[in-house]
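Naming: A, B, ... by sequence-line order, numbering from 1 per chain. Only this structure's heavy atoms are used, side chains among them; waters, hydrogens and symmetry mates stay out.
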Amino acid sequence: MPEAVDAPFPAEIDDLAAWVELSYELGLTDGLPVHPPMRNVVDALVAGSGRAADDVVAMIPPRNGRATVEVVAANAAMAGARPEHMPVILAALDAMSDPAHNLRGVVLTTHPCWPLVVVSGDDVQRLEMAHAEAVFSGGGNRANVAIGRAVKLVLWNVGASFIGEPVKEVLGHPGRLAYCIAESPDSPWEPIHRARGLDEASGVTVFACEGPHSVAMWAADDDPHNRLGQAADAMSIRGSNNTHTMGEVLVVMTPNEARHLAAMGYGRVDVQRKLFELARRRIGDIRPRGPLRPDTSPEHWYSSWPEWVDQSSDDTLVPVVERPGDIHVVVTGADSIPFMAVCPGWGELGGFAVTRPVRVPDVPGSGSSEERA
Amino acid sequence: MSFRLVDPRGVVHHTEPADLAPRLGAVPEDIDIGFLVNEVSRQTGPDFTRYTEVIEEVLRGRYRRVEVVRDAKPVLSRPAERSLLHKYRHCRGVVTGLAK
């Protein structure tokens with residue numbers, strides 16, 4: 001943990017060039033340079049939120065720092081966000097604060113998972129977010145990176161999720177720098193927030209997951225069973241938390257892959273069901289062996305699996321999630337070569353997907369519907 | 001010209017730092033001790049439920065009366081609920097954080 005975490009913060013500086021070194025000395029960044037949180041910029045970001053500066057957005061673990069709108073705006077300013085990004089940033093932080101997400105556990109765990117922010121619906125185009133090439137690394141787009149970066153800086157500065165102490169992540173995750181994607185408007189299916197029951201123009205879904213594991217369509221013909229089988233294979237690897245404890249998993253596919261499946265009669269729910277059917281592992285392949293776990297007796301069964309899984313037989317095929325709805329399907333990426341990607345979750349331990357609406361205020365600078373009209 | 005800045009760290013309500021519990025020192029002949037295992041028994045890693053059973057056997061050989069409270073958090077990734085901690089309220093010492 002940076003020693004300077006509670007060091008006095010200067011109310012003003014005379015030389016902006018001094019900010020870079022000061023930001024490092026105060027431990028205000030994880031290594032990447034950050035913009036100075038200048039008062040006028042922060043005020044504009046607060047205005048873009050349409051909320052009062054002292055509204056409390058969330059208490060951010062692990063140190064339970066109070067993230068007011070103004071404090072979030074200060075971090076958004078450091079991330080290079082614009083006022084119109086604020087409603088998305090606030091929605092993401094609100095979603096992460098849902099107990100189902102277990103943000104405290106997510107930021108502290110040894111596991112390489114991090115909250116992925118998925119923006120869907122009208123805001124993808126309103127904010128001109130990237131949803132094509134290299135979408136998982138920001139797509140060369142300010143909105144994608146700034147939103148993901150602002151969230152990260154809030155978790156860093158307000159929550160004090162510093163590496164080593166208290167964060168124990170063993171290998172790390174590139175998405176810890178910024179982890180935000182936008183769902184493609186070219187999807188043949190409704191946006192993911194609507195599929196999750198949110199009847200709003202735009203939504204933000206957060207899900208703590210690993211980085212994308214590429215799934216190319218090697219040797220797959222047009223049959224959806226075979227194509228989704230490629231992803232199912234990646235979903236059920238032996239080293240995945242999902243394989244051993246279930247939880248939730250994200251499957252991403254390019255728009256052309258989704259359109260192909262749609263043309264074959266598949267909706268998102270059909271994809272989820274097919275993946276649930278295919279992404280399974282034979283217990284005998286994953287049951288630990290060795291002197292400490294020598295047998296298949298009930299005391300050594302997985303306690304987190306539902307009772308309908310017959311653990312007495314090595315030949316039982318165990319799904320990687322408990323129900324099809326625990327497989328989150330997002331359409332994004334370049335509309336060139338059909339591709340999929342699998343982002344395993346944290347397993348049963350948390351990081352579960354939470355969806356929130358994006359409330360765009362009718363205030364100048366927010367890109368609201370009134371302004372657009 | 002000066003530039004006004006906004007502190008991005010927010011307000012933190014400082015609480016007293018949690019010191020390590022004092023050592024039990026000389027233990028009388030009667031002992032009440034608790035083990036709070038960090039995770040339910042699972043297939044991977046050592047079995048700390050069994051481990052605490054072994055410690056209990058050792059303690060019973062040393063003391064006249066040994067009362068042991070043993071439980072596990074339902075999910076290792078979340079802090080223990082107050083109701084679970086309440087089970088240990090009478091213990092002279094509690095060993096926590098036991099995991100693989």
Are side-chain heavy atoms of A:Leu22 and A:Val20 found at a separation under 4.5 Å?
no
So for A:Ala67, is it side chain, backbone, both, or neither that comes closer than 4.5 Å to the heavy atoms of chain B?
neither
Please state whether the side chain, the backbone, both or neither of A:Met38 comes within less than 4.5 Å of a heavy atom of chain B.
both
State which residue, out of A:Glu169, A:Lys168, A:Glu210, fulfils the side chain to side chain donor-acceptor pair (under 3.5 Å) condition with A:His111.
A:Glu210
Do NZ/NE/NH1/NH2 and the carboxylate oxygens of A:Asp285 and A:Arg238 come within less than 4.0 Å?
no
Given A:Val42, A:Asn75, A:Asn102, A:Asn40, the one with more heavy-atom pairs under 4.5 angstrom with chain B than any other is A:Asn102
Classify the side-chain pair A:Thr243/A:Arg281 by whether it contains a donor and acceptor separated by less than 3.5 Å.
no
